[in-house]
Amino acid sequence: MPILENLWIIPLLPLLGSAINGLFGAKWSKPIVNSVALGSTGISFLCAVEAVREFLGYYETSHKAWVKPFFDWIVAGNFRAGFDLQLDHLTVVMLLVVTGVGFLIHIYSTGYMAHEEGYYRFFSYLNLFMFFMLILVLAANYVLLFVGWEGVGLCSYLLIGFYFLKKSAADAGKKAFIVNRIGDFGFMLGMFLLFRSFGSLDFQTVFEKAATWQPEAMGQFGTITVACILLFVGATGKSAQLPLYVWLPDAMEGPTPVSALIHAATMVTAGVYMVARSHVLFAHAPTAMYIVAIVGCATAFFAATIGLVQSDIKKVLAYSTVSQLGYMFLACGVRAYGAGIFHLMTHAFFKALLFLSAGSVIHAMGGEQDMWNMGGLSKKIKVTYWCMLFGTIAIAGFPPFAAFFSKDSILFSAYIYETNGKALYAVGLLAAILTSFYMFRLVWLTFRGEKRYDEHKVHVHESPLSMTGPLMILAFLSLTGGWFAAPAFWGGKDYFSEFLSPVFGAATEGGGEAAHSLELMLSGVAFAAATVGLVVAIWMYNKKVQRGTSAGVHKLLYNKYYVDELYAAVIVRPLMWLSTNVFWKVVDAGMIDGAVNGVADGAASVGDTLRHAQSGNTRSYAVWVVVGAMVLLGIVFWPILHPALFGGVR
Amino acid sequence: MTPSAADLIRVLPETIWCGFGVLLMLLQPFLKNRQGLTLFAMVGAAAGTLATYFGHMGSGFFGLIQFDTYSLFFHWLVGLVAFLVILASDSYLERENLASAEFYALILFATAGMGVLASAQELLTAFIGLEMSSISSYVLAGYRRDAVKSSESAVKYFLLGSFATAFFLYGIALVYGASGSTNLVQIASTDPSSNLLRLGLTLILVGLGFKVAAAPFQVWTPDVYEGAPTPVTALFAAGPKAATFALLLRIFTTIHAATDFWFWAFWILAVATMFVGNLGALVQTNVKRMLAYSSIAHAGYTLVAFTAVTTMKLDPNTGAAPAYAAVLFYLLGYSLVKVGAFTIVSEIGGKGESYQTLDDFAGLGTRQPFAAAAMTLFLLSLLGMPITAGFFGKFYVFKAAINSKLIWLAVLMTINSTIGAYYYLRVIVVMYMREHKGDVPAGAATGLSPTAAMVVVVAALATVYLGLLPNHVLGIVLSQNLILSAR
Amino acid sequence: MVPTSYYLVLSAILFGLGVVAFVFKRNIITIFMAIELMLNAVNLAFVAFSQALGKSDGEVFVLFVIVVAAAEAAVGLGIIILTARNRRSLNVEHVDLLKL
Amino acid sequence: MSAVLVIFFLLAGLAVFGAVALILQSHPIHSALSLILVMVSLAGLYLLMGAEFVAAVQIIVYGGAVMVLFIFVIMLLNAGVEERTNISKMATFGGVPLAFALGLIIAAGIARSSSQLAPAAAQGTLTSTRELSKLLFSEFVYPFELTSFLILVAILGAIVLAQREN
Amino acid sequence: MELSGHLLSILIFFPAIGALALLCLKSEDEYWIRRLTFVVSVAEFLLSLILLRVVAIGAQGYALTEYKSWISSPPINYHLGVDGISMFLVILTTFLTPICVLASWKGVHHRIKEFHVMLLLLEVGIIGVFLALDLFVFFLFWEVMLIPMAFLIGIWGHGRRIYAAVKFFIYTMAGSAFMLVGILWLYNLTGTFDLPAIQLTLQSAAFHLAPRTEMLLFLSFFIAFAIKVPLFPLHTWLPDAHVEAPTAGSIILAGVLLKMGTYGMIRFCLPLFPEASHRAAPYVAVLAIIGIIYGALVALVQPNLKKLVAYSSVSHLGFVVLGIFTFHTISMQGAVYQMLAHGISTGALFFLVGMLYDRRHTFEISEYGGLVKPMPQYAAFFLFVALSSMGLPMLNGFVGEYLILLGTYQVHWGWASWAATGVILSACYLLWAYQRVFFGDVTHDENRGLSDIDAREKWGLVVFAVITLWMGLGSPYFTRRVAAPVDWVIEQTKSKYAEEAVKPAAPSQPAALATTIQQDSPTRTVSR
């Protein structure tokens with residue numbers, strides 16, 4: 001088992017690619033850069049496939065996850081964090097998604113970025129991202145997972161800020177990193193608590209020990225619950241959930257392939273992956289589960305509402321991503337980990353597809369991203385149009401496309417969830433309607449209707465094969481990706497969940513004939529919801545439309561509920577003000593330095609006063625001598641004048 | 001009742017100093033060469049110092065003097081100071097166009113007076129010694145006759161000095177009345193509850209406190225130091241002060257009643273002196289005057305050690321021996337450093353002592369690297385930085401204070417050291433980190449004269465020696481029966 | 001017989017008046033006289049104690065003090081002459097070039 | 001009150017009067033004369049106590065030599081009436097009372113603590129000059145010899161200070 | 001090895017010999033002065049590497065001790081020794097000194113000879129501090145080191161250099177004067193200045209130290225160290241000193257000098273005064289946490305790049321102090337590691353900032369902007385170092401902070417939680433500053449023509465980068481060597497302190513969570 005024994009090869013290849021391109025790429029021509037970047041990612045993908053094959057064979061005989069320590073990374077006291085890689089069924093899914101989709105997006109980028117400055121830099125970053133993402137999914141302990149976690153955040157920062165000359169891009173990168181750091185704060189505390197409770201941060205040890213603990217009751221904030229909530233705080237940062245989602249829409253400042261890879265397919269799903277990975281802990285903490293479900297559900301709806309009115313094509317997709325991630329957390333929160341991961345996978349396909357298609361549109365429009373300046377593109381860029389449409393149908397949840405199965409599975413699990421499941425379902429369904437609406441709105445505004453751009457200025461052209469090729473592959477995957485679970489829909493087995501059952505157990509099985517009929521019914525409702533969205537969108541946008549003036553709810557939504565402004569006003573600006581005007585200017589300069597300098601000035605002024613005693617007049621000097629004599633007499637005769645006090649004075 | 005030959009040998013240093021003083025005056029008409037006079041005076045100073053070698057330990061002249069390690073130490077100290085000051089004066093006298101012979105003779109007479117103070121075991125002898133050094137000092141202070149500052153310095157020193165002497169003398173009278181003797185050993189056996197004794201000792205303290213410039217008797221110090229010719233200032237800061245401390249310490253260790261009476265007096269004097277000296281120095285812009293204030297502050301530090309000595313009898317276990325040692329070591333290190341520092345000030349001052357402000361020291365680090373480096377070393381020693389004499393001095397004083405459980409005094413001394421750091425540092429800062437404003441005036445010195453350089457080198461080497469290898473000197477000041485009159 | 005304390009109190013009064021004179025007078029020469037007055041008071045005390053104790057050494061001290069006073073007078077008057085020459089004034093309050 | 005006591009008070013009164021006059025007189029010559037009065041009174045008191053030699057020295061050296069020197073210098077410098085400047089407010093308003101207080105405290109201290117002493121000249125013996133000289137040349141020979149250097153210093157100092165510029 | 005008997009003395013005084021040799025050169029001989037200093041400091045660095053071979057892993061106590069009596073009364077001995085903690089700090093010092101020489105290659109133009117002499121003397125003082133085992137000798141080096149540093153700031157610094165130098169000097173003097181009182185007091189109690197001997201005496205059952213006395217002694221040491229660290233609110237000398245210091249001064253100051261404070265805490269405060277340390281720990285920890293947050297917040301709003309880095313040091317050193325005063329082996333190892341990591345990353349930051357100053361003679365962030373365009377390589381290195389400073393995993397900053405927080409959390413989860421906010425804030429100030437300096441358009445025309453790093457700078461930075469990576473990946477290399485001494489310190493700290501110290505500070509937790517976070521054994525269930 002050559003690859004399985006040397007799992008480090010999989011992440012190391014992209015790292016090498018990154019290092020080579022980063023150090024020498026500046027002087028190289030694009031084909032060389034391409035071959036390094038694509039080569040390393042491609043081989044990594046092949047290795048991953050081989051590793052999966054080897055693992056599945058290994059699992060047949062051993063029935064446990066493959067864990068392989070490589071070297072000690074941090075050791076102190078009884079704490080050890082090793083560079084340990086792990087492969088199990090959950091990892092397999094992630095590994096394939098990451099390397100596969102990643103590779104496609106690399107290919108796409110060669111076309112999309114062809115005319116950009118810093119081409120080598122872009123691929124260096126992208127490869128670096130692959131490295132960290134692979135570390136993240138392969139990690140066998142929380143600390144190493146955290147390495148990937150932070151690392152992908154870094155790459156996200158670098159790639160969002162790729163157009164560093166644009167202030168908004170640099171701002172967005174910084175914002176992404178900092179908001180992620182807030183999440184990481186929670187994640188770190190969660191890790192500390194886990195270590196405190198279990199004495200280790202290796203997945204196996206933690207989960208084995210946690211399994212022996214008695215589950216906590218709903219509404220109880222026990223150790224595991226607190227730990228899970230803290231971990232989830234990390235996940236909300238990375239996966240852009242309420243209230244830390246604000247960075248993701250801004251992250252669209254980055255090049256579109258980046259949005260596709262990092263901010264749709266892979267990195268943002270890390271939170272979901274982490275929660276799913278920690279499902280043993282979450283299983284012991286129903287309160288935390290419930291919080292996850294509520295946050296996910298709320299995010300799904302909340303982000304969808306914002307998506308309704310955005311005019312930037314990528315922003316719509318960004319909010320859509322936030323919303324879909326909400327679904328995944330909803331799934332995790334209602335114990336449907338399989339469904340969550342399934343949605344993660346399908347989402348990777350169709351959202352990557354959508355982003356790349358959007359990229360193709362933008363490419364065609366020469367950089368234009370505002371949908372109000374597009375329209376009627378379907379005839380000019382047919383491949384892109386069809387791919388985009390495929391993606392839209394998939395995300396909207398029309399059978400037999402991918403999301404129909406995955407989203408349906410999630411909603412079903414929510415419906416049958418014991419704690420307020422129906423409410424969660426209702427909100428989720430509402431979000432599904434909105435999803436369908438804003439996606440079709442996007443398609444209609446972009447590709448249908450009248451053209452709203454100046455043809456003399458914009459030369460619309462179809463993208464090269466390097467871009468459309470991946471589009472088509474992804475479109476195919478979006479269409480077929482859901483079929484793993486399709487048999488379940490017809491009453492058969494859910495292959496996907498079964499595949500993951502070594503990790504999650506059989507907990508997600510709905511079971512029973514009644515449940516199945518219920519599921520069928522709910523699927524019908526979901527289909528209806530998607531249709532409602534479609535119809536309304538067509539009704540509203542299948543005509544000549546103009547950018548409307550914002551007012552009322554529209555304005556509120558258009559401005560994203562003013563959350564950024566709120567954060568700025570409530571947190572950022574007060575903090576800056578406090579730091580500048582209180583801490584720095586008052587406490588530091590005023591109080592502490594003031595005290596220090598005050599003592600110095602005080603000493604100097606006392607000295608100044610004293611020197612005035614030094615008047616230069618001999619008579620005064622004589623008086624001082626007399627005074628001194630009096631004082632000395634007073635001191636020396638004190639014990640005689642006050643015998644009672646003598647003995648106590650010492 | 002005639003003094004024995006041994007007695008005469010015990011006072012040989014003073015005799016030699018005085019004799020050379022007389023010889024200098026006699027030789028003056030014949031030795032027109034200034035350097036010759038300087039050399040002769042130096043020989044005198046050195047000969048007197050070395051003459052201590054022949055003395056036998058013990059009291060002499062019917063108990064009036066005590067020749068012991070302690071007095072030996074102070075003889076060496078004042079002799080060394082005299083030697084260095086004479087050497088440092090050579091170029092000064094030439095520059096200021098002043099007569100040498102009288103100057104050197106006065107220094108030698110003053111030194112003889114200090115020697116008497118160091119070995120006196122009887123108050124009247126001490127008084128004569130004190131007057132010898134004082135009267136010489138008055139004259140030396142006014143030695144630059146045509147300079148108004150110099151004469152003012154002399155007047156102030158003379159008037160206030162005599163005033164304080166009167167107190168001292170009155171104190172002697174009262175002590176004599178109380179004990180029937182002026183011999184310290186006999187006074188020691190007087191009934192310590194006698195109020196007359198108490199009053200007398202207090203007045204003695206006033207007189208001696210004035211001489212060592214303890215606050216509030218320090219008022220004369222800055223004016224006199226500033227006005228006096230700079231080499232003379234060096235002498236003042238080192239010699240008479242050390243000698244007076246020597247007498248004070250002998251009184252202290254011999255008359256236990258005094259330590260009882262004086263504990264709080266010293267405590268308060270020490271604190272007041274440290275603060276007045278340091279805070280006063282903080283606002284000075286004239287380096288010479290700043291050093292004058294600094295010497296007040298150092299008198300305060302010495303007084304801290306004295307205060308530690310006072311606890312000796314109250315608590316015999318605290319071991320006052322290190323406290324004496326602290327005083328002695330401190331005074332030695334301090335004196336040498338002050339001589340070195342004032343010598344540099346004297347040289348930088350130029351003709352008529354016109355360049356003594358901080359501004360005149362600006363950029364010295366580049367103009368006169370050697371002088372600046374040496375000055376830095378001296379200032380750091382005064383500041384109490386390690387590998388200088390000042391550090392060990394301060395260290396032992398601290399240690400004495402803490403051994404005697406005078407924690408508060410130690411803490412106050414700490415605060416004062418920090419204040420002191422500021423103004424010493426300012427001189428260093430000015431020398432190295434500021435450029436001289438405008439052109440350097442033509443009259444300013446361009447370098448140390450060879451003689452002054454020698455003094456500076458000796459003082460610097462001694463400072464570092466005491467800072468690195470204090471063992472030898474410590475061996476002396478810690479020797480058993482350091483003070484024979486002590487009980 | 002006159003009690004010794006009478007002499008001593010007289011001596012103390014004279015000493016105190018000397019101190020007063022020192023502080024009060026402005027002319028350098030008279031200030032110097034004040035010092036002489038104080039020294040005289042000291043002498044009186046010495047003699048009185050000497051007599052009371054029945055020892056003669058107190059009187060020897062007086063001789064020393066007188067000698068020292070004479071020596072001081074010589075030097076002191078020299079300094080005064082010097083000052084008068086430099087400043088054309090004998091008012092001690094005007095001798096204030098050195099200060100602060 | 002015995003005659004001795006009367007003489008004592010007479011002389012003491014004169015001495016104090018002289019001292020006060022020294023303070024109050026504004027011309028230095030008058031102050032000097034007042035001081036001479038004090039010294040002569042004290043010489044009388046010394047005699048009263050039986051210290052004849054000291055009394056003689058007091059008159060000869062102090063009253064004669066030293067005070068003559070003072071008067072000589074006053075004349076030489078042509079010192080006029082004292083300017084009663086008040087630049088040092090501290091001395092005039094604080095110092096003088098303080099100085100008085102200090103004198104009183106010392107006087108009170110001495111008065112309270114010296115009552116147990118034998119009356120001066122209780123032994124009634126005059127101190128013989130021979131005895132003084134014996135002491136001076138045996139026990140106190142060292143300070144005595146030192147005083148010779150002291151005087152030398154004074155002479156030297158006076159020369160140094162008062163000599164005209166060459 | 002023949003040398004090993006005197007290796008420590010050689011390490012201390014070799015730079016002094018170098019300084020003497022420098023004095024023999026002519027002041028104008030710039031070429032040789034720089035090269036000689038560089039050679040001497042590199043040789044010193046190589047010498048110090050011998051320590052890595054000599055100091056055994058896992059050995060407690062001191063290796064290579066040297067003992068010579070120096071002063072008879074009081075008994076002061078020239079006593080040196082090295083253990084895992086001091087070894088790395090010495091190596092850090094010897095590593096940063098040649099870097100300083102490189103950093104001032106272009107920045108220092110006047111009085112070059114004196115500059116390098118001062119640099120070498122500074123090295124003497126610092127290494128002496130780390131190796132001294134006699135309190136007196138320690139104090140001596142502690143003070144000696146002040147002078148060259150003050151000179152470096154005062155002579156070769158920028159605008160308000162004199163103010164900064166004096167402030168630095170007085171601040172430290174004030175602290176160390178109290179330490180001297182403490183040392184003497186301790187001597188008075190134990191009769192020796194020898195650290196191991198004092199420890200033995202203090203621990204002997206017969207010896208009883210009144211709690212008040214112990215606390216005062218503790219404070220007398222602690223304040224001196226806290227000023228050096230600097231711990232809030234004694235930190236205000238640091239920004240001034242850093243901003244005004246020349247690059248080399250800043251590198252040494254931030255890289256090593258600050259560690260002298262934390263080193264002193266580990267070496268002296270804790271083992272000598274265990275009970276006082278435990279009593280003071282809550283207050284110290286709170287100050288450290290305030291320092292972490294406060295330093296970061298103030299750094300956030302600094303318009304001056306160097307001041308920003310200076311305040312970031314306040315924040316980072318807060319972590320170290322926190323790690324020390326939790327008395328947990330993980331956090332204390334983390335603290336020692338963090339001392340080294342901070343030395344490297346902040347040293348590199350100052351090195352970088354100095355390069356910028358060499359080119360543009362200003363530290364104002366507003367004077368820059370868009371630098372990534374003219375100086376791409378510089379920007380890349382800066383980013384790398386900034387990332388290591390903000391604690392990105394696999395770089396050196398992460399391990400220390402992580403271990404400190406992890407260890408602290410085991411003892412006081414509240415402390416750790418507050419301190420962990422520093423992790424967020426460090427990203428804020430560094431990235432924001434980075435953005436303002438490097439991103440966007442070039443706003444000042446002067447910046448358009450700035451030259452990118454030259455070979456000298458590049459190799460210096462490459463060395464920094466390699467070490468940063470190595471430390472980030474191979475942290476066990478350090479923690480293994482540090483573990484034994486750290487455990488020993490913790491053991492010393494416990495020895496006379498009763499068992500109750502081990503008990504977590506439950507009362508400080510909010511009631512709701514207090515019940516949940518305890519669990520000594522996993523089998524105990526929480527729900528009840």
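Below, read A as the first sequence line, B as the second, and so on, with proteins coming before strands; counting in each chain starts at 1. Keep in mind that this is a model prediction, so the values were computed, not measured.
Heavy atoms closer than 4.5 Å to chain D are found in both the backbone and the side chain of A:Ser620. Residue D:Ile105 touches chain A through its side chain alone, counting heavy-atom pairs closer than 4.5 Å.
In the displayed structure, D:Phe100 atom CZ is contacted under 6.0 Å by at most 12 heavy atoms of other residues, nucleotides or ligands. In A:Trp624, the CH2 atom is not crowded: 12 or fewer heavy atoms of neighbouring residues, nucleotides or ligands sit closer than 6.0 Å. The 12-atom threshold is not exceeded at CZ of D:Phe72, counting heavy atoms of other residues, nucleotides or ligands nearer than 6.0 Å. Within 6.0 Å of atom CZ in D:Phe17, 12 or fewer heavy atoms from other residues, nucleotides or ligands are found, so the atom counts as exposed in its surroundings.
At a threshold of 4.5 Å between non-hydrogen side-chain atoms, the residues A:Arg619 and D:Ile87 do not count as touching.
Of all heavy-atom pairs spanning D:Met90 and A:Val623, the tightest one is CE-CG1, 3.7 Å.
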